[in-house]
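Structure first, commentary second.
One-based numbering, in listed order, for ligands and for the atoms of each. Note that the structure is predicted; figures quoted are calculated from it, not measured.
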Amino acid sequence: MLNTKSAEKVSPVMSAYGRFPITIVKGKGSYVWDKEGTKYLDYTSGIAVCALGHAPDAVAEVLKKQLDTLWHCSNLFHIESQEKLAEMLVNLSGCDQVFFCNSGAEANEGAIKLARRYARLIRKKSNGHIVTFSHSFHGRTMATLTATAQEKIQDGFAPLVPGFRYLPYNSSEAISSLEDDDDCIAVLLEMVQGEGGVIPADQEWIHQLDEICSKKGILLMVDEVQTGIGRTGTLFAYEQYGIDPDVVTVAKALGSGIPIGAVLAKKHVSQVFTPGTHGSTFGGNPFSTTAGVATLETFKKENVLARCTENGIYLAQKLSSLQEKYPDLIKDVRGKGLLVGVETSVKAIDLVNKLREKYQILILTAGEKVLRILPPLITDKDEIDHFISKLDAVLNN
Ligand SMILES: *Cc1c(COP(=O)(O)O)cnc(C)c1O
């Protein structure tokens with residue numbers, strides 16, 4: 001083979017990400033530091049991962065012990081921390097069984113595989129489809145980017161995976177069409193669309209969808225990768241909608257930053273994963289599931305859900321006041337708990353850059369005109385006040 005290695009010097013890391021021009025070297029609580037020693041208030045939480053803040057002591061302590069005990073052994077053996085974390089998740093949800101993996105996309109991939117196998121084995125449907133929704137985000141693997149009903153995510157990756165149908169989100173008329181769709185085997189959706197612009201599902205729409213699913217035997221699968229593990233003030237966002245999904249996926253915050261994902265399912269669905277049907281070498285390993293157990297225990301001990309709800313209400317009130325002050329700049333404030341979107345009339349990235357450069361505050365965008373604010377759930381009123389005063393300053397000039 002010819003040596004086609006580029007003569008031009010390129011970064012050894014592929015350019016799949018646009019990156020902010022800082023290098024983060026340390027994190028503690030709500031703050032991170034760059035390599036020049038500048039301290040930033042981190043209201044990105046590593047994209048909704050560091051719910052307990054950076055390097056939370058309670059999790060760190062347990063992980064340090066685990067480092068001296070066992071890192072990995074594979075799923076060919078029983079793993080105590082995996083079984084413990086599964087039991088905790090089952091007790092905290094309406095699901096019966098858990099499959100562990102390493103990321104949100106892999107969790108959704110698992111959910112898609114479960115739905116297909118369930119349709120084949122239990123419902124005797126061999127070529128049904130899964131319905132997903134406009135502006136959704138379900139991941140970057142081939143099946144999950146196909147599930148993601150956004151052209152920009154799919155651009156360049158055809159042929160896509162067959163077996164998906166898209167409907168508009170929050171449209172009652174659109175889901176009525178499922179009444180006549182005998183090939184729909186499952187729906188997969190977020191309770192609050194995160195990447196797609198911080199768009200909460202309407203309560204009534206979810207009830208309508210839930211009813212249609214029950215009536216038609218369609219699996220209700222909720223992607224809680226971003227909303228789950230407390231981000232919206234309850235452990236799972238679906239709890240606030242009073243529904244009881246068949247399948248739930250989680251990842252981001254479950255390990256406090258140690259990579260882990262999970263597919264939770266009711267037994268009538270999970271039973272189709274018999275030995276040899278699905279797998280993941282690293283999935284649920286002793287280290288990541290120990291992080292998961294410590295994360296959930298810390299949530300309980302430190303009353304994190306109540307703090308998230310309280311902080312979320314406070315932040316939303318402050319943002320609404322800013323909206324009143326700058327009605328031309330702020331068009332909408334929305335979200336749930338500490339998954340907060342602010343729709344602006346200007347380019348969101350410009351505001352994000354100003355907050356970082358002038359005031360050492362980190363937030364994200366969700367699309368061109370939406371600021372996405374993801375504080376650690378353990379933030380406090382002083383930090384929120386600081387953030388609001390600096391956002392005010394940025395909006396003011
Ligand atoms: C982040 C995200 C994913 C993908 O998770 P990865 O860990 O990046 O694979 C899937 N669904 C939702 C709702 C997400 O926010």
With hydrogens left out, which residues have an atom under 4.0 Å from ligand 1, given that only heavy atoms count? Ser103, Gly104, Ala105, Asn108, Phe137, His138, Gly139, Glu190, Asp223, Val225, Gln226, Lys252
Using a side-chain heavy atom cutoff under 4.5 Å and only I, L, V, M, F, W and Y, what cluster partners does Leu76 have? Phe77
Linking directly or through intermediates, with side-chain heavy atoms under 4.5 Å: list the remaining ILVMFWY members grouped with Ile24, chain and number order. Ile22, Val32, Tyr40, Leu362
Any side-chain heavy atom of Asp183 within less than 4.5 Å of one from Asp181? yes
Side chain to side chain donor-acceptor pair (under 3.5 Å) contacts touching residues 87-101 (sequence neighbours left out): Gln97-Ser270
Among Lys331, Arg334, Lys369, find the residue that satisfies the salt bridge (Lys or Arg N to Asp or Glu O under 4.0 Å) test when tested with Glu343. Arg334
Only residue of Lys125, Lys215, Lys216 satisfying salt bridge (Lys or Arg N to Asp or Glu O under 4.0 Å) with Asp182 is Lys216
